[in-house]
Amino acid sequence: MREDQELRFVKGHGTGNDFVVLPDPDGDLDLTADLVRGLCDRRFGIGADGVLRVVLAAVAPEAAAMADAARWFMDYRNADGSPAEMCGNGARVFARYLVQAGYAAPGRFPIATRAGLRVVDVPAGRGDVTVEMGPPRLVAGPGVPVAVAGRSFTAAAVSMGNPHAVCFADDLDIAGLRRLDVTAPPEFSPVDFPDGVNVEIVVDRPGGVAMRVHERGVGETASCGTGACAVAVAWAHRHGRRPSASLPEVEVEVDVPGGGLVVIWRTDSVLLRGPAELVFDGVTRPGAFAAPSRPAVADAAGAAAAAEVLDVAGLTVAG
């Protein structure tokens with residue numbers, strides 16, 4: 001990014017999982033890891049859990065093979081600058097942006113992601129946005145060891161195009177879930193998750209489940225769309241409610257700190273439905289993110305800011 005370059009952006013979120021949307025149709029922007037980290041910094045930048053670059057699939061090397069099927073590529077980056085395969089909440093915000101910007105008509109249309117093609121459904125008004133997340137993949141076996149929030153779990157390993165470790169805290173209620181400190185990175189074997197993993201802690205609640213999540217490359221967030229899908233699939237499988245000819249779909253309501261999501265597991269795919277909001281438009285000043293200027297204190301400040309967000313959501317961490 002040149003020092004004299006302004007950067008236009010839109011800020012959006014899906015149940016509190018927030019993103020900086022960067023319109024870059026022709027793929028001109030050099031989206032470096034430093035730039036992503038700067039944009040996502042909650043004290044020294046705009047603040048977000050990740051960046052969604054909006055680029056034509058035909059000009060994106062990672063998506064060129066999908067350009068005949070999808071016009072737009074969702075180039076998603078985690079807050080630490082690393083690219084990610086898929087983001088369910090991000091896909092819904094991305095789709096909402098395409099419709100509101102006039103790049104796509106309301107209704108159903110495909111988008112390209114690093115996890116492959118995904119079909120989204122955006123209403124003409126302010127209703128919920130749905131994304132078809134593709135089929136889940138549950139790893140067979142007794143589970144994998146994971147430590148998070150000072151506890152040890154045998155987690156269900158689920159892939160939604162990206163890796164998840166779903167941890168059922170059967171001894172906790174919702175109040176106990178809220179008291180957990182989920183800020184520290186989880187511990188796991190790189191043999192089980194060579195590319196890292198998103199870790200969800202889950203408790204039952206009337207009518208569904210509640211979860212908290214530590215996202216790979218981000219930390220604890222107010223919501224995670226692929227995580228909600230992984231949780232719903234693992235919970236339904238645990239309770240013997242896999243979709244079948246006699247039960248064509250299983251619907252699970254998933255509460256996250258930022259609100260509520262609905263996951264529908266069908267025999268061939270998983271659907272994620274929930275709100276997707278665009279909050280404001282902005283322009284960065286020239287030179288603001290031209291070179292790394294992030295002080296060492298920024299990491300601690302960002303963690304503190306995230307804690308404030310969770311506190312507002314009613315998730316005060318016990319200390």
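These values consider heavy atoms only, across backbone and side chains, with no hydrogens, waters or symmetry-generated copies.
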Margin query: Minimum heavy-atom separation for Ala232 and Val252, please, with both atom names.
Written below: CB-CB, 3.8 Å

Next item on the list: Taking all heavy atoms of Thr15 and all of Gly260, pick out the closest pair and write down the distance.
Entry: CG2-O, 3.8 Å

Note to self: Assess the residue pair Arg8 and Asp281 against the criterion (salt bridge (charged side-chain N to carboxylate O under 4.0 Å, His left out)); give the C-alpha distance rounded to whole Å, side-chain angles, the decisive distance to 0.1 Å, and a yes or no.
What the structure shows: CA-CA 8 Å; Arg8 296 188 177 275; Asp281 296 44; over 6 Å; no

Margin query: Within the supplied structure, the quantity of interest is the number of heavy atoms (other residues, nucleotides, ligands) at a distance under 6.0 Å from Asp268 CG; does it exceed 12?
Written below: yes

Next item on the list: Rounded to the nearest 0.5 Å, what's the gap from CZ on Arg179 to CD1 on Ile174? Could you check?
Entry: 12.0 Å

Check: Short question: side chain of Arg118, backbone of Met133 - any donor-acceptor pair under 3.5 Å?
Finding: yes

Note to self: Using every non-hydrogen atom in the two residues, find where Val203 and Leu172 come nearest and quote the distance to one decimal.
What the structure shows: CG1-O, 3.6 Å

Margin query: Counting only heavy atoms not in Glu187 (residues, nucleotides, ligands), do more than 12 fall under 6.0 Å from its CD?
Written below: no

Check: For the residue pair Val256 and Met211, what are the closest heavy atoms and their distance?
Finding: CG1-CG, 3.8 Å

Would you tabulate the side-chain donor-acceptor contacts of residues 158-166 under 3.5 Å, counting partners in other chains and residues two or more places apart, or write 'none'?
from	atom 1	to	atom 2	distance (Å)
Ser159	OG	Gly161	N	3.2
Asn162	OD1	His164	NE2	3.0
Asn162	ND2	Met86	O	3.3
Asn162	ND2	Thr226	OG1	3.2
His164	ND1	Glu200	OE2	2.7
His164	NE2	Thr226	OG1	3.0

Next item on the list: Determine yes or no for a side-chain-to-main-chain donor-acceptor pair under 3.5 angstrom, with Asn78 supplying the side chain and Gly81 the backbone.
Entry: no

Note to self: By the definition side chain to side chain contact (heavy atoms under 4.5 Å, CB included), identify the one residue from Val122, Val262, Leu271, Ile264 that meets it with Thr130.
What the structure shows: Leu271

Check: Val55 and Ala60: which non-hydrogen atoms are nearest, and at how many Å?
Finding: CG1-CB, 4.2 Å

Notebook entry, point to check: Relative to the ring of Phe193, is the ring of Phe188 parallel (under 30°), tilted (30 to 60°) or perpendicular (over 60°)?
Noted result: perpendicular

Checklist line | Pair Arg114 + Asp75, salt bridge at N-O below 4.0 Å | finding: yes

Notebook entry, point to check: Among pairs that include at least one residue of residues 224-244, which meet salt bridge (charged side-chain N to carboxylate O under 4.0 Å, His left out), considering only residues two or more places apart or in two chains?
Noted result: Asp170-Arg238

Between side-chain atoms of residues 137-144 and protein atoms elsewhere (two or more places apart, or another chain), which donor-acceptor pairs fall under 3.5 Å?
none

Note to self: Closer than 4.0 angstrom, basic N to acidic O: yes or no for Glu251 and Arg266?
What the structure shows: no

Notebook entry, point to check: So does Arg77 pair up with Asp49, basic N to acidic O under 4.0 Å?
Noted result: no

Notebook entry, point to check: Are any of the side-chain nitrogens in Asp80 or Arg37 under 4.0 Å away from the carboxylate oxygens of its partner?
Noted result: no

Check: If you measure from the Lys or Arg side-chain nitrogens to the Asp or Glu carboxylate oxygens, is any gap between Asp24 and Arg53 under 4.0 Å?
Finding: yes

Notebook entry, point to check: Is there a donor-acceptor pair closer than 3.5 Å between any side-chain N or O of Asp128 and the backbone N or O of Arg273?
Noted result: no

Note to self: Strictly below 4.0 Å, N to O, side chains only: are Asp18 and Lys11 in salt-bridge contact?
What the structure shows: yes

Margin query: Is it the case that the side chain of Arg212 and the backbone of Leu177 share a donor-acceptor pair, with hydrogens and angles ignored and the cut-off at 3.5 Å?
Written below: yes

